[in-house]
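Here is the naming used below: chain letters follow the sequence lines, and residue numbers restart at 1 for every chain.
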Number of protein chains: 2
Amino acid sequence: MGLQNTMKALSDPIRREILGMLKGGRLSAGEIGEHFPVSGAAVSKHLSVLKEADLIRDTREGKFIYYELNASVLEEVMLWLTGLKGEGK
Amino acid sequence: MGLQNTMKALSDPIRREILGMLKGGRLSAGEIGEHFPVSGAAVSKHLSVLKEADLIRDTREGKFIYYELNASVLEEVMLWLTGLKGEGK
DNA sequence: TCCTTATTTAACTCTTTGGTTAAATATAGA
DNA sequence: TCTATATTTAACCAAAGAGTTAAATAAGGA
């Protein structure tokens with residue numbers, strides 16, 4: 001994956017909000033979709049972008065697919081940011 | 001400004017690399033442009049996106065325009081990221 | 001098996017993005 | 001003033017993004 005995938009995934013407000021929602025625990029695709037004024041298909045695509053970036057993981061459970069946050073990937077972003085702020089000039 | 005502008009600006013690899021270059025001190029548009037295999041016009045547009053997001057500041061000095069990093073804006077991103085990692089569930 | 005629900009995938013549209021070249025602007029110097 | 005240099009802006013183009021609706025897939029239950 002890498003930083004590029006991560007940053008691209010984080011550049012969309014809906015995707016960032018999805019991550020925020022998942023901070024509170026796992027949610028099904030449907031539960032996530034209810035919070036946004038777009039179609040389920042659109043949300044599904046956002047989820048696949050986040051999954052591609054490994055920012056979320058999914059588990060099928062019967063009829064539902066549950067998504068959960070994988071915050072470990074954010075470490076790389078944090079490192080890049082602190083590198084930019086610190087060790088200045 | 002806001003997080004959205006910042007994240008959008010950070011989503012492009014050339015723009016991130018420009019910020020990395022500026023970590024070492026101010027550089028003119030031309031000096032920045034030399035490091036990338038794209039036209040000066042393209043670099044100029046990247047610079048204007050970064051400036052729009054207030055991630056860089058510019059100062060004209062004679063024939064040259066110098067750009068410098070404004071890392072303070074990154075604080076908001078850091079906060080958002082730590083919020084996502086910490087205070088979990 | 002058939003029907004309903006949950007979710008994704010396909011096909012398509014519209015907008016945004018990142019690049020190009022050419023023209024415009026700003027400044028220094030002969 | 002004329003010319004050369006530094007940089008941006010304008011006009012354009014192709015590719016990527018994000019949305020839509022409709023069809024496909026997956027699973028549960030009558």
What's the [atom1]-[atom2] distance between [X] and [N], to the nearest Å?
{"X": "A:Arg15", "N": "D:dA16", "atom1": "CZ", "atom2": "P", "result": "15 Å"}
{"X": "A:Ile56", "N": "C:dT8", "atom1": "CD1", "atom2": "C1'", "result": "13 Å"}
{"X": "A:Asp12", "N": "D:dG19", "atom1": "CG", "atom2": "C1'", "result": "11 Å"}
{"X": "B:Ile32", "N": "D:dT8", "atom1": "CD1", "atom2": "C1'", "result": "14 Å"}
{"X": "A:Arg26", "N": "C:dA6", "atom1": "CZ", "atom2": "C1'", "result": "15 Å"}
{"X": "B:Ile14", "N": "C:dG18", "atom1": "CD1", "atom2": "C1'", "result": "8 Å"}
{"X": "B:Phe64", "N": "C:dA26", "atom1": "CZ", "atom2": "P", "result": "17 Å"}
{"X": "B:Leu10", "N": "C:dT17", "atom1": "CG", "atom2": "P", "result": "14 Å"}

Reading DNA chain D from 5' onward, which residue's closest nucleotide shows up sooner: A:Glu61 or B:Asp58?
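It is B:Asp58 whose nearest nucleotide is closer to the 5' end.
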Side chain of [X], heavy atoms from C-beta onward: which of [options] has the nearest atom to it?
{"X": "B:Lys63", "options": "D:dA18, C:dT27, D:dG19", "answer": "C:dT27"}
{"X": "A:Ala29", "options": "C:dT8, D:dA18, D:dA6", "answer": "C:dT8"}
{"X": "A:Ala42", "options": "C:dG19, D:dG19, D:dT5", "answer": "D:dG19"}
{"X": "B:Lys8", "options": "D:dT7, C:dG19, C:dT17", "answer": "C:dT17"}

Would B:Lys8 and B:Glu52 pass as an ion pair if we require N to O under 4.0 Å?
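Here B:Lys8 does not pair with B:Glu52 in a salt bridge, since their nearest N and O are not under 4.0 Å apart.
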Would you classify B:Ser28 as touching base, sugar-phosphate or nothing, given that sugar-phosphate means primed atoms plus P, OP1 and OP2, and contacts are heavy atoms under 4.0 Å?
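B:Ser28: backbone/sugar contact only, no base atoms under 4.0 Å.
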Regarding A:Tyr66, tell me which of base, sugar-phosphate or nothing describes its non-hydrogen contacts under 4.0 Å with the strands shown.
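Counting heavy atoms under 4.0 Å across all strands, no contact is made by A:Tyr66.
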Start at the 5' end of DNA chain C and walk down; is the nucleotide closest to B:Ala41 or to A:Ser48 reached first?
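The answer here is A:Ser48.
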Is [X] close enough to [N] that one of its side-chain N or O atoms is under 4.0 Å from OP1 or OP2 there?
{"X": "A:Ser39", "N": "D:dG19", "value": "no"}
{"X": "A:Tyr67", "N": "C:dA6", "value": "no"}
{"X": "B:His46", "N": "C:dT17", "value": "no"}
{"X": "B:Arg60", "N": "D:dA6", "value": "no"}

Closest heavy-atom pair and its distance - A:Glu76, A:Gly2:
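It is OE1-C, 3.9 Å.
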Exercise: identify the closest heavy-atom pair between A:Ala29 and A:Tyr67
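Heavy-atom minimum between the residues: CB-CE1, 4.0 Å.
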Mark yes or no for a side-chain to base donor-acceptor pair under 3.5 Å between B:Lys45 and C:dG19, with no hydrogen or angle criteria applied.
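Result: at least one qualifying N/O pair found.
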Check whether any side-chain heavy atom of B:Leu22 lies under 4.5 Å from a side-chain heavy atom of B:Leu55, and answer yes or no.
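No - every pair of side-chain heavy atoms lies 4.5 Å or more apart.
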If you measure from CG on B:Asp58 to OH on B:Tyr66, what distance do you get to the nearest 0.5 Å?
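Going from the CG atom of B:Asp58 to the OH atom of B:Tyr66 covers 13.0 Å.
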From CG (B:Leu84) to CG (A:Leu69), nearest 0.5 Å:
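Separation between the atoms: 5.0 Å.
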